[in-house]
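Data block below; observations after.
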Amino acid sequence: MAASEERENSGSTLLTVSIAFAANALVAAAKSVAAFLTGSASMTAEAAHSWADTGNQVFLFLAERRSRRPRDRSHPMGYGREAYVWSMFAAFGLFTAGAVVSIMHGIQEIIAPEPASDFVVAYIVLAVAFVLEGISFTQAFRQTRRAARQLERRTLEQVLISSDPTLRAVFAEDAAALAGLVVAFAGVLLHQLTGSPLPDAVGSIVVGVLLAVVAVVLIDRNRRFLVGQGVTPDIRESVGRRVLEHRDIARLTYLHLEYVGPRKLYLVAAVDLQGDHPEHEVAVALRRIERELEDHETVEEAVLTLATPEESALVF
């Protein structure tokens with residue numbers, strides 16, 4: 001990935017988070033008013049969902065900004081993993097402020113049901129919310145699809161395995177929001193048609209379960225990257241070829257790649273250099289090649305060692 005593409009992806013992620021924050025804040029306020037006026041359990045669940053999403057965008061904004069700081073003496077691998085820490089906070093927020101509140105409210109509504117009114121207000125707010133959430137989701141989808149095309153992946157595959165936790169969170173939360181709006185609409189409609197608050201309460205629980213599933217998936221993905229997520233075979237092959245294409249490298253026998261942040265890799269390799277040079281020249285050459293590999297935007301740090309003759313060469 002070229003430096004210009006890296007900067008473009010980072011800028012696009014900040015734009016995606018900003019659009020999601022604005023959309024969620026407007027939607028949360030509208031849903032809260034509608035929930036107060038209608039007394040709908042599904043609308044209350046949706047309001048809790050949107051407020052949780054709004055707060056989460058703050059965490060995601062911090063994740064994107066703090067993870068981009070350059071490495072220093074106290075953090076030799078950089079600050080990239082901060083993205084997974086703050087994204088983890090956002091996922092926990094979605095679970096507690098979104099899923100738990102929605103499920104509890106739905107259960108309370110089943111135990112002590114209250115009739116709803118002003119259904120037209122709920123329908124208008126749901127329609128407006130669908131448009132705003134759709135705009136946010138479209139931005140996230142376009143950025144994800146662009147990244148997927150660069151890596152020759154399917155869009156959904158890119159969402160699941162991408163090293164960018166902020167983009168994954170926005171995509172997943174917006175998709176869940178759109179699905180939740182459909183569930184809420186069905187709950188409100190059935191409440192109006194049947195006169196029973198039960199479908200509305202069930203809708204609140206369904207929204208909560210949906211948010212819980214999304215939150216658990218996001219938590220698991222962030223956990224994997226925090227403890228040292230390896231790269232996918234296509235990334236490994238791409239980096240392996242890049243190392244072997246270096247003019248001073250004749251053979252590659254060992255390659256370790258680990259994510260230390262969004263689109264940032266720690267590279268360790270055992271190589272055989274071209275020619276037969278004295279030890280001091282080899283040491284200087286290895287340090288130079290490491291710096292040249294680190295010039296690539298995706299390599300945070302490269303560490304090279306010499307391969308032994310009996311080691312088998314890696315082929316990419």
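For reference, positions follow the sequence shown, starting with 1. On a predicted model such as this, the values are computed, not experimentally measured, just so you know. Scope of the values below: all heavy atoms of this structure, side chains included, with no hydrogens, waters or symmetry mates.
- Linking Ile, Leu, Val, Met, Phe, Trp and Tyr whenever their side-chain heavy atoms come within less than 4.5 Å leaves Leu132 and Val125 in two separate clusters.
- If you take CG on Leu286 and CG on Leu306, they are separated by 5.0 Å, rounding to the nearest 0.5 Å.
- Salt-bridge annotation for Arg291 and Glu294: present, with a side-chain N of the basic residue lying under 4.0 Å from a carboxylate O of the acidic one.
- Partners of Asp72 by salt bridge (charged side-chain N to carboxylate O under 4.0 Å, His left out), not counting sequence neighbours: none found.
- Remark: Phe21 CZ is loosely packed, at most 12 non-hydrogen atoms of other residues, nucleotides or ligands lying under 6.0 Å away.
- Other residues, nucleotides and ligands contribute over 12 non-hydrogen atoms within 6.0 Å of the OH atom of Tyr79.
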### Trace of the side-chain hydrogen bond (donor to acceptor under 3.5 Å, both in side chains) decision for Arg168 with Ser87
CA-CA 9 Å; Arg168 175 169 41 248; Ser87 296; over 6 Å; no

### Message
As a quick check of understanding, evaluate side chain to side chain contact (heavy atoms under 4.5 Å, CB included) for Asp234 and Glu152, giving each step before the final call.
### Response
CA-CA 9 Å; Asp234 58 329; Glu152 298 182 350; over 6 Å; no

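- For the 3.5 Å distance criterion, the side chains of Tyr123 and Gln192 qualify, holding a donor opposite an acceptor.
- In this pair, Tyr254 and His256 present their aromatic rings parallel. The plane angle is below 30°, not in the 30 to 60° band.
- The backbone N or O of Leu26 lies less than 3.5 Å from no partner atom in the side chain of Lys31, so there is not a single donor-acceptor pair.
- With sequence neighbours excluded, the residues that form a side-chain contact (heavy atoms from CB on, under 4.5 Å) with Ser196 are Thr194, Leu198, Pro199.
- Using a 4.0 Å cut-off between charged nitrogen and carboxylate oxygen, Glu258 and Arg81 count as a salt-bridge pair.
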